[in-house]
Q: 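Sharing a structure below in C-alpha cells format, with a few things to ask.
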2 protein chains.
Amino acid sequence: MNMQTSQTRSRAGLAAALRVSISRLSRRMRAEGGHSLSATQIGALGAVARHDALTPGELAAHEKVQPPSMTRTIARLEADGLLTRSPHPTDRRQVVLSLTAAGDKLLKEERRRKEAWLAQRLAELTPEEQTILRQAAPILERLSHG
Amino acid sequence: MNMQTSQTRSRAGLAAALRVSISRLSRRMRAEGGHSLSATQIGALGAVARHDALTPGELAAHEKVQPPSMTRTIARLEADGLLTRSPHPTDRRQVVLSLTAAGDKLLKEERRRKEAWLAQRLAELTPEEQTILRQAAPILERLSHG
DNA sequence: TATTGTTATACTCTATAACTATA
DNA sequence: TATAGTTATAGAGTATAACAATA
C-alpha cells in the first residue's frame, strides 16, 4: 500500500462527502427561491439577461435543450410579459430576444431571495467557517468547468 | 459605516458566489451521473435505500411530492425490477417498499459514476485546495439543514 | 440546398379530485 | 369517519419528425 493509494482513498471520501452536501444544498436553495417561475424559465430568462440579444437557437444551445423545447419556453415567457421577440436586423429568418423591465425585475427578485436565505444561514456560522467557505467558493466554481 | 455593515456586505458577496458555484457544480454532477434513470427515480430509489421498509406515503413526504406522483414513480421502478411492493405486516391498507438487488446495484453504480467524475476533478487541485474543500464539505452539509 | 424557427405529436413528471379498501 | 393508496385527468417540460420561410 503506497502513498498514491492512500491519497486516492482520501479523495474518494472527499468526493462522496462533497457530492452529498452539494446536492442537498442545491436542492434546498432551489426550494427557497420563490415559485413564480420554474427552473427552466428562470434559466432561459437568466441566459437572455446575461447575453442580451440572443436568438432562440442560441438560447436553446446555451440551455442545452432542443429548439422546439425552447420555442415553447419562449412563448410562455413572452405571454407572461417577461421577454420580447423582435425581428433580426439583417436575417429575416431569425428572431432577437430581450428582457422586458418586468423580466429583469423578476429575475433580480428571485436571486435576491435565494441569496438572502443563504446569507442568513452564513450569518449563523463562525467567522472561521465563513473564511473556509470564502476560500472554497472559487474552487467549487472551477470544479464545474473541468 | 460600521463593522456590522461591512460584514453583512461581505456575507452577501459570499452568498452570491456560493449560490452560483453550488448551482453550477450540482448541474454538472447531475449530467455526469449516467442516464439510466431520471433524477426523480434516483431520488426515490435512494430514499428507499437509506430508510428501508418505507411506505409510499412516507416516501412521497420524504421526496416532497404528492402521493399520486409517487404512485407513478413506484410503478415504474417496480416494472423495471428495481424495487418491490409487499404487504404491510399489520395494516392492510399500507404497502412496504424495498430495493431489489438490481435496484441496489444500479444505485451504487450511479453514485460511483458521479463520485469518480468528481474525484478526477479533485485530483487536479493542489493539496491546499483539497484541504480547503475537505474543511468546507461538512459546513456546506450543515447549511442545507438550517 | 442549408439554416432558422415553428408546428405536430408523444412521453415523463407533476398536480388535484375522486375513488377503493381498510382502520 | 379518517387514512393509505390508487385511478382519472390535466398542465408543464422535454424530445423527434415534419414543415414553412428565408438565406
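In this text, all values refer to a predicted model and were calculated from it rather than measured experimentally. Naming convention: chains lettered A, B, ... in sequence-line order (proteins, then strands); numbering from 1 in each chain. These values consider heavy atoms only, across backbone and side chains, with no hydrogens, waters or symmetry-generated copies.
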Q: To the nearest angstrom, how far is L97(B) atom CG from dA4(D) atom P?
A: 14 Å

Q: Nearest whole Å is fine: how far is dG13(D) P from K64(A) NZ?
A: 19 Å

Q: Measuring from the side chain of P68(A) (C-beta onward, heavy atoms only), which nucleotide among dT7(C), dT6(D), dA10(C) has the closest atom?
A: dT7(C)

Q: State whether the distance check finds a donor on one side and an acceptor on the other, under 3.5 Å, for side chain R93(A) versus base dG5(C).
A: no

Q: Write down the distance between CD (E63(A)) and P (dA12(D)), rounded to a whole number of angstrom.
A: 19 Å

Q: Any salt bridge linking E124(A) with R142(B)? Criterion: basic side-chain nitrogen under 4.0 Å from a carboxylate oxygen.
A: no

Q: Please state how far atom CG in L45(A) lies from atom P in dG13(D), giving the value in whole angstrom units.
A: 13 Å

Q: Which listed nucleotide (dT14(D), dT14(C), dT22(C)) is nearest to the side chain of D91(B)?
A: dT22(C)

Q: Could you check how far CD of Q94(B) sits from P of dA21(C), rounded to whole Å?
A: 17 Å

Q: Atom CG of L37(B) to atom P of dC11(C): distance rounded to whole Å?
A: 19 Å

Q: dG5(C) phosphate, OP1 or OP2: any side-chain N/O from T71(A) under 4.0 angstrom?
A: no

Q: Side chain of R85(A) only, heavy atoms from C-beta on: which candidate in dT14(C), dG5(C), dG13(D) is closest?
A: dG5(C)

Q: Counting side-chain heavy atoms from CB outward, which of dT16(D), dC13(C), dA15(C) is closest to Q66(A)?
A: dT16(D)

Q: Whole angstrom is fine here: how far is it from CG in D80(A) over to P in dG13(D)?
A: 10 Å

Q: Could you state the CD1-P distance from I42(A) to dG13(D), rounded to the nearest angstrom?
A: 11 Å

Q: Among the nucleotides dG13(D), dG5(C), dT14(C), which one has an atom lying closest to any side-chain atom of T55(A)?
A: dG5(C)

Q: Could you measure the distance from the CG atom of L77(B) to the CZ atom of R72(B)? Nearest 0.5 Å is fine.
A: 13.0 Å

